[in-house]
Amino acid sequence: QVQLVESGGGLVQAGGSLRLSCAASGRTFSTSALGWFRQAPGKEREFVASINWNGGSTYYADSVKGRFTISRDNGKNTVYLQMNSLKPEDTAVYYCAAGRVARPPGKYDYWGQGTQVTVSS
């Protein structure tokens with residue numbers, strides 16, 4: 001069992017940066033694939049980024065490639081999403097997830113409650 005709690009969301013102007021964190025509890029964190037997803041109002045949840053168990057492989061949606069960076073610290077049971085050059089279309093609730101496969105589409109068993117990111121133009 002893994003519990004996930006996101007933080008770091010907020011309101012930022014276009015072009016700005018935010019760093020999301022997802023703290024996890026549970027013995028399997030260090031061997032889990034981790035991912036970030038987002039859901040904008042009226043839209044389906046979409047993949048943003050993922051990372052394998054040791055950080056050796058990362059994957060990104062085309063819409064965020066070059067702007068967002070996913071990383072993890074297994075010693076702190078935390079996964080991060082550094083978001084730079086934010087755009088209004090990045091506005092969404094961001095969720096972290098833990099599971100078995102990082103390569104998209106991935107396989108995720110546990111989800112956090114989400115954190116709101118709002119980018120103003």
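Everything numeric here is computed off the predicted structure, so don't read it as measured data.
- Counting non-hydrogen atoms of neighbouring residues, nucleotides and ligands closer than 6.0 angstrom, the CD atom of Glu89 exceeds 12 such neighbours.
- The minimum heavy-atom distance between Ala33 and Arg100, with the atom names listed, is CB-C, 4.0 Å.
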Can Thr78 and Asp73 be said to form a side chain to side chain donor-acceptor pair (under 3.5 Å), step by step?
-> CA-CA 5 Å; Thr78 303; Asp73 185 336; over 6 Å; no

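- A heavy-atom distance below 4.5 Å is found between the side chains of Met83 and Tyr94.
- Side-chain contact check for Val93 versus Thr115: every heavy-atom pair is 4.5 Å or farther apart.
- In this structure, the side chains of Leu20 and Val117 come closer than 4.5 Å at one or more pairs of heavy atoms.
- In this structure a side-chain-to-backbone donor-acceptor pair under 3.5 Å is missing from Arg45 to Gln39.
- Closest of all the heavy-atom pairs between Tyr108 and Gly35 is CE2-N, 3.6 Å.
- Among Val64, Ile51, Ile70, the single residue meeting the side-chain contact (heavy atoms from CB on, under 4.5 Å) criterion with Trp36 is Ile70.
- For the pair Arg72 and Phe29, the cation sits on the ring face: its NZ or CZ lies under 6.0 Å from the ring centre, inside 45° of the axis.
- A salt bridge is absent between Asp90 and Lys87; no separation between the charged side-chain nitrogens and carboxylate oxygens falls under 4.0 Å.
- Taking 4.5 Å as the limit, every side-chain heavy atom of Gln82 sits out of range of all side-chain heavy atoms of Ser71.
- Nearest heavy-atom pair, Leu4 versus Ala98, reported as atom, atom and distance to 0.1 Å: CD1-N, 3.7 Å.
- Distance alone, capped at 3.5 Å, places no donor-acceptor pair between the Gln13 side chain and the Val119 backbone.
- Cys96 contributes atom SG, which lies 13.5 Å from atom OH of Tyr110 (distance to the nearest 0.5 angstrom).
- Between Trp111 and Phe37, the distance from one ring center to the other falls under 6.0 angstrom.
- Nearest heavy atom pair, residue Gly26 against residue Asn77, reads O-ND2, 3.9 Å.
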Verify side-chain contact (heavy atoms from CB on, under 4.5 Å) between Val48 and Phe68, making sure each step is shown before the conclusion.
-> CA-CA 9 Å; Val48 175; Phe68 291 11; 3.7 Å; yes

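- Minimum heavy-atom separation, Tyr59 to Phe47: O-CZ, 3.7 Å.
- Atoms NZ and OG, on Lys107 and Ser32 in that order, are 14.5 Å from each other to the nearest 0.5 Å.
- Here the side chain of Asn74 pairs a donor or acceptor atom with the backbone of Trp53 at under 3.5 angstrom.
- Annotation: cation-pi pair Arg38/Tyr95 absent, no NZ/CZ under 6.0 Å from the ring centroid and within 45° of its normal.
- Rounded to the nearest 0.5 angstrom, Asn84 CG and Arg19 CZ are separated by 11.0 Å.
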Start with the C-alpha distance between Ser25 and Gln3, add both sets of side-chain angles, then the distance that settles side chain to side chain donor-acceptor pair (under 3.5 Å), and finish with yes or no.
-> CA-CA 5 Å; Ser25 61; Gln3 290 82 42; 2.7 Å; yes

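- At least one side-chain heavy atom of Gln116 sits under 4.5 Å from a side-chain heavy atom of Thr91.
- Put simply, the side chain of Thr118 does not reach to within 4.5 Å of the side chain of Val12, judged on heavy atoms.
- For the pair Ser50 and Pro104, the tightest heavy-atom approach, listed with the atom from each and the gap, is OG-CD, 4.3 Å.
- Atom NZ of Lys65 is surrounded by more than 12 heavy atoms from other residues, nucleotides or ligands within 6.0 Å.
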